Amino acid sequence: MTLKVYNTLNNRKEEFIPRTAGKVDMYVCGPTTYNLIHLGNARPLIVFDTVRRYLEYTGYEVNYVQNFTDIDDKIINRAKEEGMDPLALADKYIKEYYKDAGALGVRPATVHPKVSEHLSEIIDMIQQIIDNGYAYEVDGDVYFGVSKFTGYGKLSGRKLEDMQAGARIDVDERKQHPMDFALWKAAKPGEPAWDSPWGKGRPGWHIECSAMANKYLGIGFDIHGGGFDLIFPHHENEIAQAEACTGCGPFARYWMHNGFITVNEEKMSKSLGNFFTLREILAKYDPEVVRFYMLSTHYRSPLDFDDTKLEMNKKSLTRLHNALDNIKALINGVSYGDSDISLEKEIKSLLDILGKTEREFGEAMDDDFNTSLAVACLFDLAREANAFGKALDVHAGKVLPVTVKETLEKVKEKFLQLGLVLGLFQQEGAVPEESGIIEKLMNVLVEVRQEARARKDWDTADAIRNKLGQIGIVLEDTPQGVRWKQK
RNA sequence: GGCGGCAUGGCCAAGUGGCUAAGGCAGAGGACUGCAAAUCCUUUAUCCCCGGUUCGAAUCCGGGUGCCGCCUCCA
């Protein structure tokens, strides 16, 4: 099994070979923290968190760097509106970011560097680029001269000549080439500013990632990720800066880009009125559903978001949870010991399926992180496990061989393990609180209902079940006894 | 205008040359159940259109149609 990764740099799937055996260094562009993160921000978080989890699952040690852009025009404008200090505003939304990411089951990166804490690295890098002849200063601004960097356009597959023709921006006459971009912006009155060899100012947008990736991972690190829209100009510029500074390349070896999220088939944007913060979605849906939804499509494909699909995915996920619940109920609700019931054939068959699931799951993920297929593997296992449970039903009430329990434990473990690679089932281990009082109350209700059923008093039995149903508690009568769960 | 992507059953979505085109949701039928729930079994596709390459194509090539994205801050 070898991992293949689609590399935007060459527009094809390539075998993944890390620069250091057993280790992966990856950098993912993080949010500009001027607001709560929106739906679109959530996708790369989930995608690259899953990439990281899978790499770790296959034995790599992953060094994961994700920046926070806490110095930026949008932050400055927003801060002005709210009468806040820009850095304080950024800091506030960094805290909110952690809440949202955490809810989605996204683990914190190994390092979360902030622009505001890396000014000296950034300034040093800009100076080096100037010294190397790739950048020039004009009135306190510093621009990168794209025509001097021969590799410009290699990531996005664009040629400078073509871009010139299509440029729609007002060209700053001080630029040597219309596509030149700012490494350093001179401060206007009232803006946050830092001292530099070119006077007071702040970094341009692209330089931060080059500088921080370089600091924490060094030139030639393994994976650089982000959204499709960042290919140009952001990532193209990152490459130009880093390689112009160090004089060598490649800056990063594998470039991965996740597809966009659309809402009702249109790009999400404030002007179209289909802009959603993650918070708004999480108010209506379990974060696990959102995560599952995003992983149900390959990361490079566009994904359309709407309530109908969310609802569909919620039901799909429930099927997986039900399978897990069914397995657990069999483990806990059946007596095991010496038994003359033979289930060797069923056990062997289930164990074969288990091995097959694990293998196919790996093959799916090895193929450029095909989470859609990987999820299908979980559904296949769920069906087989349920069928196994079905086979046990005919022996309800009898003592079953311990090997059955051991098999079920293995299935449960593998199910949870593979689910966790996708970041699912993270709540499974959660300990129920409430000092067990709800548990006790439910036992009383179930007992009363069972007594009613014993004397065929269906009206009473059904009334209890229906009324519980109205408050979101589902009762299920199974061969192994009564089960209840919250909907 | 330049560049790139996509088009698979009612819906979502894998599959990129060859056994019966994964999986999920919804629908239909059956089993189980006092009735349910959960679950299992069965069932639903001429892979956008037209040409071509090939013994053989959803899958490769050409053309067409439709949709989307990037080129400007954007995940």
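Every value quoted in this text rests on a predicted model; they were computed, and no experiment measured them.
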If you check the F379(A) side chain, which of G23(B), A75(B), U39(B) turns out closest?
-> G23(B)
Does a salt bridge link D141(A) with R174(A), judged by any charged N lying under 4.0 Å from a carboxylate O?
-> yes
Quantified in whole Å, what is the P atom distance between nucleotide A36(B) and nucleotide G27(B)?
-> 16 Å
Presence of N370(A) side-chain N/O under 4.0 Å of G15(B) phosphate oxygens OP1/OP2 = yes
So what does G40(A) touch, heavy atoms closer than 4.0 Å: a base, only the sugar-phosphate, or nothing?
-> base
Provide the distance between the two C1' atoms, one in U20(B) and one in G15(B), to the nearest whole Å.
-> 15 Å
Is the closest basic N to carboxylate O distance between D477(A) and R449(A) below 4.0 Å?
-> yes
With the side chain defined as heavy atoms from C-beta on, H298(A) is closest, among A14(B), C35(B), C41(B), to A14(B)
Given the P atoms of G63(B) and A28(B), what is the spacing between them in whole Å?
-> 46 Å
Answer yes or no for this row: F228(A) ring on A75(B) base, centroids under 5.5 Å, planes under 30°.
-> no
Hey, is the side chain of R43(A) pairing donor to acceptor with the base of A75(B) inside 3.5 Å?
-> no
Any N or O donor-acceptor pair linking the side chain of R319(A) to the base of C25(B) at under 3.5 Å?
-> no
Under 4.0 angstrom, heavy atoms only, what part of the nucleic acid is H234(A) near: base, sugar-phosphate, or nothing?
-> nothing
Is the cationic atom of R78(A) (NZ for Lys, CZ for Arg) positioned less than 6.0 Å from the six-membered ring centroid of Y34(A) and within 45 degrees of its normal?
-> no
Report yes or no: is the cationic atom of R12(A) (NZ for Lys, CZ for Arg) closer than 6.0 Å to the six-membered ring centre of Y6(A), at no more than 45° off its axis?
-> no
For A13(B) and U72(B), measure between their C1' atoms and round to the nearest Å.
-> 33 Å
If each of L39(A) and K315(A) is mapped to the nucleotide of RNA chain B with the nearest heavy atom, which maps nearer the 5' terminus, i.e. the 5' end?
-> K315(A)
In whole Å, what is the span from the NZ atom of K159(A) to the C1' atom of C70(B)?
-> 16 Å
Rounded distance in Å between the C1' positions of A14(B) and U65(B) = 25 Å
In whole Å, what is the span from the CG atom of L392(A) to the P atom of C40(B)?
-> 14 Å
C47(B) and C41(B): how far apart are their P atoms, nearest whole angstrom?
-> 28 Å
Nearest-nucleotide pick for A376(A), side chain only, options being G34(B), C12(B), A22(B) = A22(B)
Are K309(A) and D304(A) close enough for a salt bridge, meaning some N to O gap below 4.0 Å?
-> yes
With distance as the sole criterion, do the side chain of D477(A) and the base of C35(B) form a donor-acceptor contact below 3.5 Å?
-> yes
Given the C1' atoms of U54(B) and G17(B), what is the spacing between them in whole Å?
-> 9 Å
Sugar-phosphate only, base, or nothing, as touched by R465(A) at under 4.0 Å among non-hydrogen atoms = base
R300(A) CZ to C70(B) P, in whole Å, measures 18 Å
With a non-hydrogen cut-off below 4.0 angstrom, is D380(A) in contact with a base, only sugar-phosphate, or nothing?
-> sugar-phosphate
What about D462(A), does its side chain sit under 3.5 Å from the base of G34(B) through a donor-acceptor pair?
-> yes
Answer with base, sugar-phosphate or nothing: what part of the nucleic acid does L317(A) contact at a heavy-atom distance below 4.0 Å?
-> nothing
Scan I261(A) against the nucleic acid and name what it touches under 4.0 Å (heavy atoms): base, sugar-phosphate only, or nothing.
-> base
NA contact type, N326(A), heavy-atom cut-off 4.0 Å: base, sugar-phosphate, or nothing?
-> sugar-phosphate
Please determine if K485(A) and E476(A) form a salt bridge, counting it only when a charged side-chain N lies under 4.0 Å from a carboxylate O.
-> yes
How long is the gap from CG on L330(A) to CZ on F388(A), to the nearest 0.5 Å?
-> 8.0 Å
Using the C1' atoms only, state how far G9(B) lies from U44(B), rounded to an integer number of Å.
-> 7 Å
